[in-house]
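Sequence positions, counted from 1, serve as the residue numbers for this chain.
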Amino acid sequence: MTQSPSPASETDPRAPLLFFDSGVGGLTVLDAARKLLPDAPIVYAADFAGLPYGEKTEAEIGARVPALLGRLVERYRPRLITIACNTASTIALPQVRAALDLPVVGTVPAIKPASEISTSRVIGVLGTEATVRQPYVTNLAREFASDASLLRYGAPELVRAAEMTLRGETPDPAIFDRAVAGLTSQERAVPIDTVVLACTHFPLVEDELARAFARPVRFVHGAEGIARRVAWLTRDQRFEGNGLRFVATGPAGAIAAYQPALKARGFATFDSL
């Protein structure tokens, strides 16, 4: 892939931060980032036309994500990109960094912090099917949780449930029961005490997942750590504009159902890509 045009200068206070996800899951990362950077102009991009990433092949994601981000960089000239999607990050982060001449922050499963708080040493990992099968997850487990039992389960229904929640719809509770059973039915699942939410969509339905567990568990995800990284990388920069823009692939009408929730978060401008 050819290099994209140079982004807006990091010293340009109007240059936005770009957050990218397959859908609205990355809003959980954006929420954490805005607490640290409330004055930053934001472009949030959702690839509705490609949703869900967790059911795509590595080759499809590896080709699609860098191409889309190249188009977004050309149009919005961001100072930094956050790939607020575990699946896209674990598969396409190297390609994106090679293709784009600006800082790119990825999202990886929060296995290290989960290992630091687990006392039973049995840790669940709920993610998309594409994420939980990645060697990257195995490497994280080997490095940070080698003394723990790591139980993985791909729960693509949770992505759809989270999207429904942002549209004001009520998901079937059986979706959460099936996701929890996917962990607790595995050998060595008791006494699981910590669950990594390895998809940025899943914190949107954390309360529903908590109700589906028969006993208390702690949920861990990486939003706050990613936010701290973004804040550190932009620590000497000025921000102007403080606008929030939502852009999505696919039909323009696809955004309409999400607008009440997005406007409540402060989004005022909506575009199609």
Side-chain angles (χ1 to χ4, degrees), residues 1 4 16-31 33 41-78 81-93 95-96 99-100 104 106-107 127-131 154-172 175 199-205 243-273:
M1 176 182 294
S4 295
L17 300 175
L18 172 62
F19 288 78
F20 175 83
D21 184 32
S22 60
V24 296
L27 292 173
T28 59
V29 178
L30 176 60
D31 288 345
I42 300 293
V43 172
Y44 183 97
D47 185 16
F48 287 154
L51 186 72
Y53 279 7
E55 298 175 12
K56 286 183 163 47
T57 67
E58 283 81 351
E60 288 174 320
I61 294 169
R64 184 177 185 87
V65 171
L68 276 176
L69 285 171
R71 291 171 60 192
L72 288 162
V73 168
E74 185 173 359
R75 178 181 291 191
Y76 296 107
R77 318 296 284 185
I81 294 172
T82 299
I83 302 179
C85 174
N86 286 271
T87 301
S89 294
T90 56
I91 294 171
L93 187 57
Q95 297 96 306
V96 172
L100 300 176
V104 181
T107 305
T128 66
E129 292 173 340
T131 294
E157 286 186 302
L158 292 181
V159 174
R160 298 185 182 92
E163 294 281 329
M164 290 176 65
T165 299
L166 259 290
R167 295 195 299 264
E169 303 168 19
T170 302
D172 183 349
I175 293 173
C199 172
T200 55
H201 278 81
F202 293 0
L204 293 171
V205 291
L244 276 74
R245 180 185 298 269
F246 189 93
V247 56
T249 61
I255 299 175
Y258 296 90
Q259 283 194 358
L262 294 171
K263 288 179 178 178
R265 277 178 157 84
F267 285 92
T269 306
F270 301 90
D271 294 338
S272 295
L273 183 66

Verify the distance criterion only: is there a donor paired with an acceptor across the side chains of [X] and [Y] at less than 3.5 Å?
X	Y	value
Tyr53	Glu60	no
Asp47	Ser22	no
Thr87	Thr128	yes

Of all residues at least two apart in sequence or in a different chain, which pass the salt bridge (Lys or Arg N to Asp or Glu O under 4.0 Å) check with [X]?
X	result
Glu157	Arg178
Asp21	none
Arg75	none

Applying side chain to side chain contact (heavy atoms under 4.5 Å, CB included), name anything that partners [X], two or more places apart in sequence or on another chain.
X	answer
Thr269	Arg245, Asp271
Leu93	Ile83, Arg97, Val104
Asp31	Arg265

Kindly give the heavy-atom pair with the smallest separation between [X] and [Y], and that separation in Å.
X	Y	answer
Gly23	Leu51	N-CD1, 4.2 Å
Ile91	Gly62	CG2-N, 4.1 Å
Thr200	Pro203	O-CD, 3.2 Å
Ala45	Leu18	CB-CD1, 4.2 Å
Val65	Ala92	CB-CB, 4.0 Å
Cys199	Gly127	CB-CA, 4.4 Å

(message) Any carboxylate oxygen within less than 4.0 angstrom of a Lys/Arg side-chain nitrogen, looking at Arg64 and Glu58?
(response) no
Close side-chain approach of [X] and [Y], heavy atoms under 4.5 Å:
X	Y	value
Arg167	Met164	yes
Pro171	Thr165	yes
Phe48	Val24	yes
Phe19	Leu27	no

(request) Please state whether the rings of Phe246 and Phe270 are parallel, tilted or perpendicular, taking 30° and 60° as the class boundaries. (result) tilted
[X] side, atom [atom1]; [Y] side, atom [atom2] - distance, nearest 0.5 Å:
X	Y	atom1	atom2	answer
Ile61	Glu55	CD1	CD	10.5 Å
Leu244	Ile42	CG	CD1	6.0 Å
Asp172	Arg160	CG	CZ	13.5 Å
Leu158	Phe202	CG	CZ	4.5 Å
Phe267	Leu262	CZ	CG	6.0 Å

(message) So if I apply the side-chain contact (heavy atoms from CB on, under 4.5 Å) rule between Ile81 and each of Leu72, Val43, Val73, which one comes out positive?
(response)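 For Ile81, the side-chain contact (heavy atoms from CB on, under 4.5 Å) check succeeds only for Val73.
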(message) Whether the side chain of Lys56 engages the backbone of Gly50 through a donor-acceptor N/O pair (distance < 3.5 Å, no angle test) should be reported.
(response) yes
